[in-house]
Amino acid sequence: MRGLKITERFKSIQVHALSSNSSETNGGNSNKGSEPICGNSSKTKPHNNLNRNRSIIPSWSKTKSSTNNNSALLFANLLPLHLPSTDTIEPSIEPHFKPINLVETLSEFYQRMEFCSQSNKAVMCVEQCSLLRGHGDQKILRRCLRTACQNAEDVLSKVVLSAWLRFERRDDELVGLCSMDCGGYVLECPKKNLEPGFRPCSVNDHCQCQQELNQETCTESVCESDEESDVLFCVGSEEISCVRCRIAALSDPFNAMLYGGFAESKMSKIDFSGNGICPKGMRAVEFYSRIKRLDLFCPMTVLELLSFANRFCCEEMSSACEAHLASIVVNVEDALVLIEYGLEERATLLVVACLQVFLRELPNSLYNPKVAKILCSSEAQERLANVGCASFLLYYFLSQVAMEESMVSKTTVMLLERMGECATERWQTALAFHQLGCVLLERKEYKEAQHCFEVAVQEGHVYSLAGVARTKYKQGQPYSAYKLISSLIFEYKPAGWMYQERALYNMGKEKSFDLDVATELDPSLSFPYKYRALAKVEEKQIKEGITELDKFIGFKLSPDCLELRAWLNVALEDYDSAMRDIRAMLTIEPNYITSHGKIKGEYLLQLLNRGVQQKSQADCWMQLYQQWSCVDDIGSLAIIHQMLENEPGKSLLEFRQSLLLLRLNCQKAAICSLRWARNHSSSMQERLIYEGWILYDTGYREEALARADRSIAIQRSFEAFFLKAYVLADTTLDPESSSYVIQLLKEALKCPSDGLRKGQALNNLGSIYVDCGKLELAKECYKSALAIRHTRAHQGLARVYHQKNQRKAAYDEMTRLIEKAESNASAYEKRSEYCDREMAKVDLDVATQLDPLRTYPYRYRAAVMMDEQKETEAVEELSKAIKFKPDMQMLHLRAAFYESMGDLSSALQDCQAALCLDPNHAGTLDLYRRIRKLNF
């Protein structure tokens with residue numbers, strides 16, 4: 001049912017056609033530079049919707065009228081155009097490598113990784129990164145990239161991987177940092193990247209490049225040679241005095257000319273005109289032949305020397321010129337000039353140095369048409385290939401950046417084409433053509449997309465069959481698409497995405513059945529929930545539709561589900577709830593474009609603002625306390641978004657925003673908020689704190705501690721002490737360390753802060769006291785936290801009671817938390833620890849119903865089944881969850897179950913897959929070694 005209107009009383013209202021006034025856009029990301037990334041894309045560049053669409057804001061909003069009339073007109077303007085239907089929504093094909101059996105694939109990969117040579121390790125780590133990208137864990141992806149960077153041998157790989165790590169952190173968004181600055185670590189130093197060969201170093205090894213540069217500056221002096229010149233080189237009308245033996249030492253051709261059987265060997269004056277060098281250049285050659293230095297010459301002179309060296313086979317001079325020019329490339333403008341010389345002279349190191357500048361400036365450099373010309377076209381790839389710089393890794397990185405910026409741009413298509421051309425292994429070809437198929441599908445180029453998906457299938461990527469089916473469906477072949485997916489379900493172990501895809505080509509009850517099975521097999525898929533919600537709406541059961549979306553949003557915050565729920569709330573004229581969801585949506589994805597790409601989320605927010613009562617900043621603070629105490633993280637997120645609207649650039653609020661996003665498992669958005677907080681900080685002391693959190697969240701623990709210490713040295717503050725205590729506590733603490741962390745938290749509590757943060761500090765302090773066995777002190781901390789409405793302290797207090805063998809009191813304490821924090825899966829999960837087995841099972845079933853992605857309930861139920869000697873059922877319980885969330889702990893437990901059952905090959909496979917996710921997990925390593933001994 002298309003264009004559905006929810007209530008009869010609005011049937012007669014004529015709606016402004018927003019779509020004719022709103023500019024088409026390319027997706028959820030806006031352009032960042034003066035040139036569009038979309039190139040010749042069929043979709044137009046996004047414009048400022050707020051300015052273009054002011055004329056569509058109804059005149060009633062500018063005059064005083066009744067609230068009811070405002071609501072009715074606001075409803076009429078928003079709902080009929082934007083509320084989608086079951087016919088108009090469909091899931092996207094995931095643009096990632098998606099193995100048909102991830103555990104088996106990871107196991108096979110681990111076996112290859114164990115025995116691969118040093119020269120192949122970097123490529124293997126990149127393959128591992130591609131396998132796990134769909135897993136969604138940013139920490140695992142960063143670890144794979146760092147390991148690849150550690151094992152890279154050639155300069156191009158070092159440059160690409162270093163830039164990739166920088167891009168994943170989005171360092172380009174940090175104000176005051178130059179893209180070519182050394183971040184302080186060897187792995188990511190732009191100067192060290194240009195040094196060829198394997199460098200054995202750890203992730204945290206500090207770079208000494210600045211000290212080395214200072215030492216060179218202090219010791220450099222020009223040492224003139226005492227040798228007398230004995231030959232003149234004439235260039236035009238000028239004569240350059242040279243030392244014959246020094247010129248001869250530059251290359252074999254010069255040696256033969258000056259000391260061999262040529263006439264020049266007898267001459268004291270040699271006419272060197274017509275050899276492509278000017279008098280100034282020849283003087284530079286003479287100087288270099290004696291002093292071996294280039295830093296005293298301007299870049300153009302060094303370029304002339306490079307050309308001269310290549311023409312006369314002066315290998316040492318050529319390498320020196322290349323290295324010098326590479327060391328002075330520091331910005332895009334210089335790189336654009338020097339890369340042309342590098343390509344002409346086949347100076348690989350110089351070309352790589354220029355590419356490094358482009359890569360470290362991503363994504364902004366992609367909007368520069370001159371950079372795009374060098375990187376994107378087939379001719380450009382051939383030129384780069386001539387100097388050994390057209391690698392799969394280079395185009396893989398560029399393609400991922402381009403896809404994040406726009407899935408429909410011509411630039412993205414061209415880069416993916418180059419990626420496919422550079423592929424040398426089957427998985428590389430499969431990935432390149434699958435991603436190209438996804439992009440072409442978004443561009444509605446269905447025939448070309450189908451061909452790409454088919455190539456990916458031929459290379460072993462079975463998931464691309466979903467793309468083949470989708471493109472057939474789009475070309476009017478729904479039955480062919482249905483048969484294709486049905487055969488896939490019959491041939492392989494069923495997966496949620498298979499039934500989800502087949503549901504698109506089904507009708508009626510069969511469609512609903514497929515979607516229900518998809519949810520059962522993989523509850524992390526959002527489309528079935530969205531479809532069921534809209535089906536309820538079409539039956540005029542809007543509240544039931546919202547309830548269906550609530551199920552998904554309760555455990556996975558998805559911008560598209562938040563948007564849909566907002567539209568359903570608009571249909572109910574519940575504008576406050578709609579505003580909450582739109583604000584949360586924009587917090588996760590600030591440039592979000594609403595359904596069908598009609599208007600920006602920010603503009604929708606402005607329209608909705610006219611239907612709700614405005615709040616002052618004081619009102620917002622009060623509401624934030626209320627939402628926080630109710631453990632309503634989405635509501636808290638929306639309030640902070642409104643507060644930032646009232647006070648843009650308030651670093652304190654942006655920091656709070658990041659904490660909430662981390663709690664909601666929105667890692668990328670959380671780091672983004674931290675960057676904003678850092679950029680908007682009003683003092684160095686505050687800035688150091690936010691930098692410390694960024695470093696901690698990206699794996700640099702020692703640097704985070706150093707930032708905390710520097711901040712405390714400037715000014716003692718709650719956040720600086722809290723940061724230091726938190727980082728130190730994130731390890732196994734001995735008694736001495738625990739005492740130090742306790743002291744730090746006490747110091748934090750002495751400093752000014754608000755109740756929200758002090759409640760967290762008291763909660764953390766209580767946790768440390770419990771670990772140290774100081775239960776009364778812990779109890780006091782938790783009660784103090786509860787007194788200032790830190791509701792989560794109920795959980796800590798329950799732990800204290802449990803430690804005192806007061807299980808009933810612990811259970812009751814968790815019940816209080818459940819009453820205050822409605823639908824909180826973690827609360828049910830924790831309460832299960834304080835009751836008997838049957839009651840625990842009930843709580844854990846509720847926890848799984850509320851959040852099927854939590855792994856503890858599956859592990860507990862499986863362990864109970866093993867105790868009851870139901871081995872097959874125990875393995876099935878774990879396998880059910882591993883299918884959609886291959887968690888390291890579940891794989892480890894299933895491996896242990898298999899070992900006890902005598903199925904050593906399955907146990908070995910699970911261990912290997914688990915070690916792909918965490919190669920340093922001690923328990924899994926021990927189990928793996930034990931099983932290998934038994935198996936072999």
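Below, all heavy atoms of this structure are taken into account, side chains as well, without hydrogens, waters or symmetry copies. These figures come from a predicted structure and were not determined experimentally.
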Please enumerate all residues that pass ring-ring contact (aromatic ring centres under 6.0 Å, His included) together with [X], with sequence neighbours excluded.
| X | value |
| --- | --- |
| Phe884 | none |
| Phe312 | Phe254, Phe272, Phe308 |
| Phe97 | His461 |
| His921 | His892 |

Side-chain donor-acceptor pair present, [X], [Y], cut-off under 3.5 Å:
| X | Y | result |
| --- | --- | --- |
| Ser107 | Gln909 | no |
| Asn368 | Ser365 | no |
| Gln435 | Gln400 | yes |
| Glu454 | Gln458 | no |
| Thr424 | Gln428 | yes |
| Glu188 | Ser162 | no |

If you count the non-hydrogen atoms of other residues, nucleotides and ligands that lie under 6.0 Å from [atom1] in [X], is the total more than 12?
| X | atom1 | value |
| --- | --- | --- |
| Glu340 | CD | yes |
| Tyr473 | OH | no |
| Lys483 | NZ | no |

| request: Please determine if Glu322 and Arg346 form a salt bridge, counting it only when a charged side-chain N lies under 4.0 Å from a carboxylate O. | output: no
| query | Would you call Lys885 and Asp887 a salt bridge, taking side-chain N to carboxylate O under 4.0 Å as the test? | reply | no
So how far is it from [X] [atom1] to [Y] [atom2], rounded to the nearest 0.5 Å?
| X | Y | atom1 | atom2 | answer |
| --- | --- | --- | --- | --- |
| Cys911 | Leu891 | SG | CG | 9.0 Å |
| Ser377 | Glu417 | OG | CD | 11.0 Å |
| Tyr463 | Leu488 | OH | CG | 11.0 Å |
| Phe358 | Leu375 | CZ | CG | 6.5 Å |
| Thr698 | Arg170 | OG1 | CZ | 14.5 Å |
| Leu525 | Ser558 | CG | OG | 11.0 Å |

| Taking it one step at a time, do Thr471 and Phe453 satisfy side-chain contact (heavy atoms from CB on, under 4.5 Å)? | CA-CA 9 Å; Thr471 52; Phe453 286 128; 4.1 Å; yes
| field | Pairs where residues 132-151 contributes a residue and the test side-chain hydrogen bond (donor to acceptor under 3.5 Å, both in side chains) is met, not counting sequence neighbours | value |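 Matches after skipping sequence neighbours: Gln118-Asn151.
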| request: Could you tell me how the ring of Phe397 sits relative to the ring of Trp164: parallel (under 30°), tilted (30 to 60°) or perpendicular (over 60°)? | output: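 Rings of Phe397 and Trp164: parallel, under 30°.
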Is any side-chain heavy atom of [Y] closer than 4.5 Å to one of [X]?
| X | Y | answer |
| --- | --- | --- |
| Lys191 | Gln356 | no |
| Val371 | Leu336 | yes |
| Leu415 | Thr412 | no |

| field | Pair Lys158-Leu161, side-chain contact (heavy atoms from CB on, under 4.5 Å): steps then yes or no | value | CA-CA 5 Å; Lys158 292 179 183 181; Leu161 291 165; over 6 Å; no
| task | Scan residues 98-120 for pairs that pass salt bridge (Lys or Arg N to Asp or Glu O under 4.0 Å), counting only residues two or more places apart or in two chains. | result | Glu94-Lys98, Glu108-Arg112, Arg112-Glu127, Glu114-Arg932
| message | Working note: Arg502 + Trp497, criterion side-chain contact (heavy atoms from CB on, under 4.5 Å); need CA distance, chi angles, decisive distance, verdict. | response | CA-CA 9 Å; Arg502 192 174 71 172; Trp497 63 264; over 6 Å; no
